[in-house]
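Taking it in order: structure first as structure tokens, then the write-up.
Basis for what follows: all heavy atoms, side chains included, without hydrogens, waters or symmetry-related copies. In listed order, ligands and their atoms are each counted from 1.
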Amino acid sequence: MDPDARNEWTLATHEGVIELRAPGDAPGRGLRADWRELRLPGGASALRGQPLGRAIGSAARTAIDATAGLGFDAFAMAAMGLRVEAVERNEQVLALLKQAHAWATQEPRLAEIAARITVHAGDASAVLAAAEPVDVVLLDPMFPAKRKPDAKPPKAMQALAAVVGADQDSEALLPLALRVARQRVVVKRPVHASPLGGLKPDWAIHGKVLRLDVLRGQAAG
Ligand SMILES: C[S@@+](CC[C@H](N)C(=O)[O-])C[C@H]1O[C@@H](n2cnc3c(N)ncnc32)[C@H](O)[C@@H]1O
């Protein structure tokens, strides 16, 4: 990503819909997050069998998604039945996240799932430092982009890379997350990346592109 391209993306409203526009995007062509477009074949039990579901474990009932982004992982965990606190600090991303949450709340098919999600504006380090223990903490910070990507990344990834950049401070979240999690901390990483903070996970789920590192939580209970 050309560093000069950073922050040229702008938040705008078109026909009542908030969107994040890349330079040159026409109104209505910007990025929006819409959980209503997600298909959930097989529902919660199918999701529980997928990598994120296996990583959080079948006993998980509460979670903090400390790096919520556009909320797709938070939504997936809520669809598995968890109560989720979704924390996002970037104001542009937060606007899209809140809109996605509001739309899902108004959609009868998704309202029950959306009601399990609470969106928090702010930095996860403060939220985690003050939080009561939860079963699972998910960390999915931005990772520095490859210099020459093999293919153009999807628009959501381009937008996050442009408005958020690399989350250089993400290592500091790990000890806080370990203290708050009763069961597990799950860290999403590119498949060949070193573990966050150099801390070896207890186990990991390897995909083609991503890896889910799982560490045992340290909170009592
Ligand atoms: C890769 S995205 C997360 C994508 C998300 N898992 C999803 O399903 O859409 C990382 C997000 O975490 C946010 N973030 C990173 N560090 C944070 C922190 N300390 N507190 C709050 N948000 C943070 C960034 O602003 C960014 O939006």
Backbone or side-chain N or O of Pro141 under 3.5 Å from ligand 1 N or O: no

Glu88, any N or O under 3.5 Å of ligand 1 N or O: yes

Give the residue and atom name of whichever protein heavy atom lies nearest to [atom], and the separation in Å to one decimal.
{"atom": "atom 1 (C) of ligand 1", "result": "Asp140 O, 3.2 Å"}
{"atom": "atom 17 (C) of ligand 1", "result": "Arg89 NE, 3.3 Å"}
{"atom": "atom 15 (C) of ligand 1", "result": "Asp167 OD2, 3.0 Å"}
{"atom": "atom 20 (N) of ligand 1", "result": "Ala124 N, 2.8 Å"}

More than 12 heavy atoms from other groups under 6.0 Å of CD on Glu107: yes

Neighbour count >12 (heavy atoms, 6.0 Å) for atom CZ, Arg36: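 Yes, the 6.0 Å shell around CZ holds more than 12 heavy atoms from other groups.
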
Hey, is [X] touching ligand 1 through its side chain, its backbone, both or neither, going by heavy atoms under 4.0 Å?
{"X": "Asp73", "answer": "both"}
{"X": "Asp123", "answer": "both"}
{"X": "Ala66", "answer": "backbone"}

Below 4.0 angstrom from a heavy atom of [X], which ligand 1 atoms are there? Numbered from 1 as shown, please.
{"X": "Asn90", "value": "25 (O)"}
{"X": "Ala68", "value": "5 (C), 7 (C), 9 (O)"}
{"X": "Gly122", "value": "20 (N), 21 (C)"}
{"X": "Gly71", "value": "7 (C), 9 (O)"}
{"X": "Val93", "value": "27 (O)"}
{"X": "Leu70", "value": "9 (O)"}
{"X": "Phe72", "value": "7 (C), 8 (O), 9 (O)"}

N/O donor-acceptor pair under 3.5 Å between [X] side chain and [Y] backbone:
{"X": "Arg48", "Y": "Gly57", "answer": "yes"}
{"X": "His101", "Y": "Ile117", "answer": "yes"}
{"X": "Asp135", "Y": "Arg61", "answer": "yes"}
{"X": "Glu88", "Y": "Gly69", "answer": "yes"}

Taking a hydrophobic cluster as the set of Ile, Leu, Val, Met, Phe, Trp and Tyr residues connected by side-chain heavy atoms closer than 4.5 Å, whether directly or through intermediates, do [X] and [Y] fall within one such cluster?
{"X": "Val187", "Y": "Val164", "answer": "no"}
{"X": "Leu47", "Y": "Leu138", "answer": "yes"}
{"X": "Val137", "Y": "Leu82", "answer": "no"}

Heavy atom of Ala74, distance to ligand 1 below 4.0 Å: no

Sub-4.0 Å heavy-atom contact, Ala172 with ligand 1: no

Thr67: which of Val87, Leu173, Val93 passes side-chain contact (heavy atoms from CB on, under 4.5 Å): Leu173

Nearest option to atom 12 (O) of ligand 1, as decided by whichever heavy atom of Leu173, Asp65, Thr67 sits closest: Thr67

Heavy-atom side-chain proximity of Gln92 to Asn90 below 4.5 angstrom: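 Of all side-chain heavy-atom pairs linking Asn90 with Gln92, at least one is under 4.5 Å.
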
Under-4.0 Å salt bridge between Asp34 and Arg32: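 So Asp34 does not pair with Arg32 through a salt bridge.
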
